[in-house]
Structure formats: C-alpha cells, structure tokens
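In what follows, chains carry the letters A, B, and so on, assigned in the order in which the sequence lines appear, proteins first and then strands, with residues in each chain numbered from 1.
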Amino acid sequence: MQDDGDPGEDRAAAAPLPVAFYDRPVVEVARDLLGCVVVHGATAGRIVETEAYHETEGACHAWRPPPAGPRRTARTAALFGPPGRAYVYRSYGIHAMLNAVCEPEGTAAAVLVRAVEPVAGVALMRERRPGRPDRELVAGPGRLTLALDVRLADDGTDLTSGDLRIVAAAPGARPVVEVAGPRIGITRATELPWRFADASSPDVSRPWPPGMTRGRRGR
DNA sequence: CATGGGATTGACT
DNA sequence: GTCAATCCCATGC
C-alpha cells in the first residue's frame with residue numbers, strides 16, 4: 001500500500017492515454033494497461049491486473065455461437081463503440097465492472113480492469129469500503145469500482161477526456177513484472193491465457209496467476 | 001411472460 | 001470449503 005498524498009495530483013494532471021492506445025488488438029492493450037493509472041476524482045489506482053475479451057471468443061458478452069454474428073444489446077452497446085470509452089456493466093446483480101473498450105468501432109472488445117493499487121485518495125477509499133482491511137480495498141473488479149466510485153452511469157463515457165480517465169505510468173514508476181494466465185470466473189474459452197497481472201503487486205485478486213506464488217510484495 | 005444464468009463478493013460452516 | 005445477494009437481459013414457451 002502506498003501513501004496517500006501528492007502523487008495523485010501529478011497523475012490527475014497527466015495527459016490521458018489517447019484513443020490510438022485503445023485502437024489496437026485487445027490483448028496488446030490488456031498487457032500495456034498494466035502500470036497505467038485509473039483516475040476518478042480524488043482517487044486513483046495503478047492497474048495491476050487485467051483481462052482481455054473479444055467478440056470472437058465465448059467469454060465475451062458480445063459473443064454468440066456461429067453462424068450468428070456478435071450480440072449487440074442495450075447492455076453491450078458500449079462494447080461496439082469507439083475505442084477509449086468505458087464499458088461498465090452489472091455483474092451478478094451487485095457489482096459494477098470497469099472495462100476499457102478497444103479495437104475499431106464496430107468490433108466488440110474490451111479490457112476488464114480486475115485490480116489496482118491505491119495511489120491517491122486512500123482515505124476516501126477506506127470511507128467507501130467501511131470495515132474492509134486495506135488488502136480488500138481494491139483487489140478485485142467489484143472492489144475497485146466501489147473504492148473509485150465507478151458506477152453504471154459511467155458506461156460509455158470517454159476515458160481519454162472525461163472525469164473518469166486512464167493515464168500512463170509516471171516516468172520512473174515501479175516496473176511491471178508481467179505474468180499471464182487463464183481468465184477468472186468464466187465458463188467458455190477458459191483455455192485462453194488472457195489474464196495479465198503485475199506479480200510484484202500485493203493487490204492482484206485471487207486466485208493468483210501461475211508464477212505469482214513467489215516474489216510478491218508482502219502486506 | 002417465466003425462467004435461468006452470470007467477467008463477484010462477503011458471510012458463514 | 002459452501003452459499004446467498006440481486007440485477008440485467010437472453011432465451012424459450
């Protein structure tokens with residue numbers, strides 16, 4: 001856990017990642033988002049775990065078995081929209097999940113942000129997660145949206161210019177120790193190693209990816 | 001129109 | 001380890 005303080009101000013002022021960053025193959029973007037920072041109001045979190053989803057594989061909300069084409073509904077509309085937007089949906093009736101839409105408009109693909117490390121506004125995050133130990137503040141896709149106050153209303157908003165945005169890692173920031181593994185909580189396309197994490201982070205959600213049982217920072 | 005299933009979490013045995 | 005909470009919406013009668 002990092003200190004609550006000024007670094008967040010610098011990151012908040014930093015330029016958001018441009019649309020071109022997201023207008024690439026979704027797996028590339030999922031890896032490159034590790035280390036970048038989600039900023040929302042006074043809170044900010046360094047991304048330490050992501051998953052990629054694409055309309056051509058069964059775990060994606062927009063997937064349908066061939067020969068049917070991709071599934072475009074009110075819920076999945078943002079997935080088909082321009083890259084660089086947020087796709088926020090409700091999971092299990094309870095949790096909001098934050099995704100970054102990728103690839104050209106018309107192609108449904110997005111990166112799910114599964115975990116961050118607090119870099120600003122930790123005190124506010126604790127207020128939003130009363131009774132939770134720090135290790136449970138942001139280590140999980142439903143947890144981080146609570147801590148950062150990301151809601152369904154943010155669905156479709158522009159991550160490159162809005163109040164909710166993603167900025168590049170600060171120069172000299174701690175390097176990412178990338179590990180990959182199968183995605184979590186899905187029933188189809190479980191063989192794809194499209195989950196990515198920073199093995200040096202204490203805030204990756206469980207179960208940890210392969211190769212992460214050692215070398216973790218303690219907390 | 002009724003039913004069922006989640007890209008999860010937290011409480012409990 | 002088990003399991004319920006609770007919403008969106010796809011599917012099928």
- Query: Does A/Arg24 make a cation-pi contact with A/Phe21 (under 6.0 Å, within 45 degrees of the axis)?
  - Reply: yes

- Task: Just call it for A/Arg188: base, sugar-phosphate, or nothing, with non-hydrogen atoms closer than 4.0 Å on any strand.
- Result: nothing

- Query: If you look at every strand shown and take non-hydrogen atoms under 4.0 Å, does A/Arg183 touch a base, only sugar-phosphate, or nothing?
  - Reply: nothing

- Query: Any side-chain N or O of A/Arg195 less than 4.0 Å from the OP1 or OP2 oxygen of B/dA7?
  - Reply: no

- Taking only the side-chain nitrogens and oxygens of A/Arg129, find out if one of them lies under 4.0 Å from OP1 or OP2 of B/dG10. yes

- Query: Is the closest side-chain donor-acceptor distance between A/Arg114 and A/Thr50 under 3.5 Å?
  - Reply: no

- Query: Considering residues at least two apart in sequence or located in another chain, which fulfil the ring pair (Phe, Tyr, Trp, His ring centres under 6.0 Å) criterion with A/Tyr89?
  - Reply: A/His61, A/Tyr87

- Using atom C1' of each nucleotide, how far apart are C/dG1 and B/dA7 to the nearest Å? 23 Å

- Item | side-chain hydrogen bond (donor to acceptor under 3.5 Å, both in side chains) evaluation trace for A/Ser161 with A/Asp158 | CA-CA 6 Å; A/Ser161 70; A/Asp158 189 351; 3.2 Å; yes

- Query: Is A/Asp155 salt-bridged to A/Arg75, going by a charged N under 4.0 Å from an acidic O?
  - Reply: no

Distance check needed: [N] [atom2] versus [X] [atom1], whole Å only.
X	N	atom1	atom2	value
A/Tyr92	B/dG10	OH	P	14 Å
A/His61	B/dT8	NE2	C1'	12 Å
A/Ile186	B/dG6	CD1	C1'	12 Å
A/Arg71	B/dG5	CZ	P	14 Å
A/Glu136	B/dT8	CD	C1'	13 Å
A/Tyr89	B/dA7	OH	P	6 Å
A/Ile94	B/dA11	CD1	P	12 Å

- Message: Between A/Thr76 and A/Leu79 (side chain of the first, backbone of the second, donor and acceptor by atom type, cut-off under 3.5 Å), is there such a pair?
- Response: no

- Query: Under a criterion of less than 4.0 angstrom to any heavy atom of chain A, what are the 5'-terminal and 3'-terminal contacting nucleotides of DNA chain C?
  - Reply: C/dA5 to C/dT11

- Answer whether the closest heavy-atom distance between the side chains of A/Tyr22 and A/Val101 falls below 4.5 Å. no

- Task: Please check if atom CZ in A/Arg151 has more than 12 non-hydrogen atoms from other residues, nucleotides or ligands closer than 6.0 Å.
- Result: no

- Least distance between heavy atoms, A/Glu51 atom then A/Ile184 atom: OE2-N, 2.9 Å

- Item | DNA chain B contacts among residues 139-154 of chain A, heavy-atom distance under 4.0 Å | A/Gly140, A/Pro141, A/Gly142, A/Arg143

- Note on the structure: Pairing partner of B/dC1, by Watson-Crick or G-U wobble and under 3.5 Å for both distances, is C/dG12

